[in-house]
Amino acid sequence: MDRTRPLTLLLAGALAAGGLLALTPAAAVAADAEVARNGGFEAGLDGWTCTAGSGAVVSSPVHGGTKALQATPAGSDNAKCSQTVTVKPNSSYTLSGWVRGSYVYLGASGTGTTDVSTWTGSAPDWQRLATTFTTGASTTSVTIYTHGWYGTPAYQADDLSLYGPGGDPVQLPAAPTGLAAGSPTSTTVPLTWTAVSGATSYNVYRGTTKVQTVTGTSATVTGLTASTPYTFQVTAANSAGESPKSAAVTATTTSGGGGNPGLPAHALVGYLHASFANGSGYTRMADVPDSWDVINLAFGEPTSVTSGDIRFSLCPATECPNVESVADFKAAIKAKQAAGKKVLISIGGQNGQVQLSTTAARDTFVSSVSKIIDEYGLDGLDIDFEGHSLSLQTGDTDFRNPTSPVIVNLIQAVKTLKAKYGAGFVLTMAPETFFVQLGYQYYGSGPWGGQDPRAGAYLPVIHALRDDLTLLHVQDYNSGSIMGLDNQYHSMGGADFHIAMTDMLLTGFPVAGNSERFFPALRPEQVAIGLPASTQAGNGHTSPAEVNKALDCLTKKTNCGSYQTHGTWPALRGLMTWSINWDRYNQWQFSQNFDAYNWS
């Protein structure tokens, strides 16, 4: 450690050393010393690992020196920062440190006797925490750590110390073996390898560039380009350093079959109230302006929640006196398609709960949706499952391998439809933020139960279908405040909300704070921002000026305000709105603003 130890600790260490000398003379060769590495964080996070990227080094506030640790809990992550150190068996150690914040913990695990921890419920200024432990008869390493508590603000820690007999030198780990690549997607490659004795972490290399550090024996490399070969290697690491690289493995990403068949570089998506009026009035298909590139027919709804039997019909004349005939409706769809537009059937909506809880419901879903597509000559399908349509059963904790029937059956049904209609099939999704971005904090009922099982429930569907997905347009409206990747909460109505929510989709994020379960980024051409067309259309209406600010930030890195994105995406596909009818009611303000926006 690069700073002077307080006199009281030196005296305590001397007394402890004296006691050991009197009891066991042979132990005198292991003099008490500082065995923690970089406890003052003057070398950044060197030697320390923080969960879910929660830790950072700051220059203020500090207790001593010029640097300190700041870590921010999020969702089910308590911002644990830890270090594994080498120790001697049957030896006494003092663990101490200085902390600031609410509910800050300091502890040691793997002691071989009784693991210890100490904490403070409130430390508005620096407060010292300390505890002691004795190692077991065969203990040669322990893990020291500090963490906060779920949902609390960031905490700070500095001058962390483990004082006692130094252990035997740590040996450099061997190079990993057994590196293998799983099934790639258009943007990701999953990797696995064999554990290495003595390793505390692993570094993943794409070519010569280190792209990830993980503690387990698997990783998914994201942000890759479709139809491209990549070479990967892995190293093992511990406090002694980094091993040589493993043998290389090469994998080629897929072509990204979802594509964007026939869409312009920047597209406008809207929902047409075809089966109801909803206060905004009925708009005939032929009267939809050319501004709209994708027209989603709202809605196809089930005969019952669990039947999977989806039906669609035009708004009855008693509700919509100006409704066109079915023949005119079909003719107008063909005219739109001839002009390069896409017309989809949207399934679900606020009132159309769809739970494919059985394989029979799955198969009925496929046949009934196919019938609608065929009858009206549609280009594809929009999935707008809301409410209680999707939820995760207890124990379904990994979005990459879902087990809940309603999730698994939906994925299988959509894959069947995609296979039936081929590469030109347009697939879009319109989930609410609760089912997607909230997954950064919470996923399903959580590791201890008690959470809403719907939290993040769209993530396994999006992930499984990402290579078939044409567009994801999350509804950035009718939403509570959602935590962004800056670990701050963002609220509807302004550019900031759309920037933060879209940045999450284009950057990817650890699900429920678990860095080993990382939801990979989507391609920018797969993403559109969902907004209400008017104040009457939904909570969270955003003015045209704020919409333009969000587009400027995401596509040009200008007008970003306080939120800093993790990239710039000029290929962002565009905007979605609820709805075409409400935009007409509002004198076409939303679509006219989109038409006027300068993307260059």
Are [X] and [Y] side-chain neighbours, meaning at least one heavy-atom pair lies under 4.5 Å?
X	Y	answer
Glu432	Tyr477	no
Val288	Leu272	yes
Thr568	Thr555	no
Arg573	Val527	no
Leu471	Leu263	yes
Ile347	Val354	yes
Leu427	Ile383	yes
Pro61	Arg100	yes

Donor-acceptor under 3.5 Å ([X] side chain, [Y] main chain):
X	Y	answer
Gln526	Leu472	no
Asp379	Leu344	no
Gln70	Val58	no
Thr200	Ala237	yes
Arg517	Arg400	no
Ser389	Glu386	yes
Gln475	Ala430	yes
Ser346	Ala298	no
Asn38	Ala43	yes
Asp158	Val62	no

How long is the gap from [atom1] on [X] to [atom2] on [Y], to the nearest 0.5 Å?
X	Y	atom1	atom2	answer
Leu506	Arg523	CG	CZ	11.5 Å
Leu522	His463	CG	NE2	10.0 Å
Tyr155	Trp149	OH	CH2	12.5 Å
Trp569	Leu551	CH2	CG	13.0 Å
Ser543	Gln589	OG	CD	8.5 Å
Met576	Ile529	CE	CD1	10.5 Å

Just say parallel, tilted or perpendicular for the rings of [X] and [Y], cut-offs at 30° and 60°.
X	Y	value
Trp292	Phe590	parallel
Tyr103	Trp119	parallel
Trp599	Phe594	perpendicular

Are a donor atom and an acceptor atom from the side chains of [X] and [Y] found within less than 3.5 Å of each other?
X	Y	answer
Lys67	Ser59	no
Thr72	Asn487	no
Asn278	Ser280	no
Ser591	Ser291	no
Asp452	Tyr442	no
Asn514	Tyr443	no
Thr66	Glu42	yes
Tyr597	Asp552	yes
Asp396	Ser404	yes
Gln127	Thr120	yes
Ser102	Thr152	no
Gln437	Tyr458	no
Thr283	His273	no
Gln587	Gln592	no

Carboxylate-amine/guanidinium proximity below 4.0 Å for Asp468 and Lys415: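 Result for this pair is yes, salt bridge flagged.
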For [X], look at atom [atom1] and say whether over 12 heavy atoms of other residues, nucleotides or ligands are found less than 6.0 Å away.
X	atom1	value
Lys549	NZ	no
Tyr585	OH	no
His388	NE2	no

Could you please spell out the steps behind the side chain to side chain contact (heavy atoms under 4.5 Å, CB included) verdict for Leu572 and Thr502? CA-CA 10 Å; Leu572 180 74; Thr502 307; 4.1 Å; yes
Closest non-hydrogen atom pair between [X] and [Y], with its separation:
X	Y	answer
Lys342	Gly262	CE-CA, 4.0 Å
Arg454	Ser391	CG-CB, 3.7 Å
Leu69	Gly55	CD1-CA, 4.3 Å
Pro73	Gly148	CG-CA, 4.4 Å
Ser600	Asn598	OG-OD1, 2.6 Å
Ser579	Ala533	O-CB, 3.6 Å

Under 6.0 Å from the six-membered ring centre of Tyr145 and within 45° of its axis: does the NZ or CZ of Lys80 meet both? yes
Proximity of His541 and Trp578 rings by center, below 6.0 Å: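 That pair fails the under 6.0 Å test.
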Centroid-to-centroid, Tyr205 to Phe232, below 6.0 Å?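 No, they do not, as the ring centres are separated by 6.0 Å or more.
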Please evaluate residues Val461 and Phe435 with respect to the criterion side chain to side chain contact (heavy atoms under 4.5 Å, CB included), reporting the C-alpha separation (whole Å), side-chain torsions for both, the decisive distance (0.1 Å), and the verdict. CA-CA 10 Å; Val461 179; Phe435 295 90; over 6 Å; no
Go through the steps for Lys341 and Val294 under the test side chain to side chain contact (heavy atoms under 4.5 Å, CB included), then give the verdict. CA-CA 6 Å; Lys341 312 304 181 181; Val294 180; over 6 Å; no
Candidates Asp384, Asp382, Asn581, Thr577 - the one meeting side chain to side chain donor-acceptor pair (under 3.5 Å) with Tyr271: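 Among Asp384, Asp382, Asn581, Thr577, the one that satisfies the side chain to side chain donor-acceptor pair (under 3.5 Å) with Tyr271 is Asp382.
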Yes or no on side chain to side chain donor-acceptor pair (under 3.5 Å) for Thr565 and Asp503, after CA distance, side-chain angles and deciding distance? CA-CA 6 Å; Thr565 66; Asp503 183 58; 4.8 Å; no
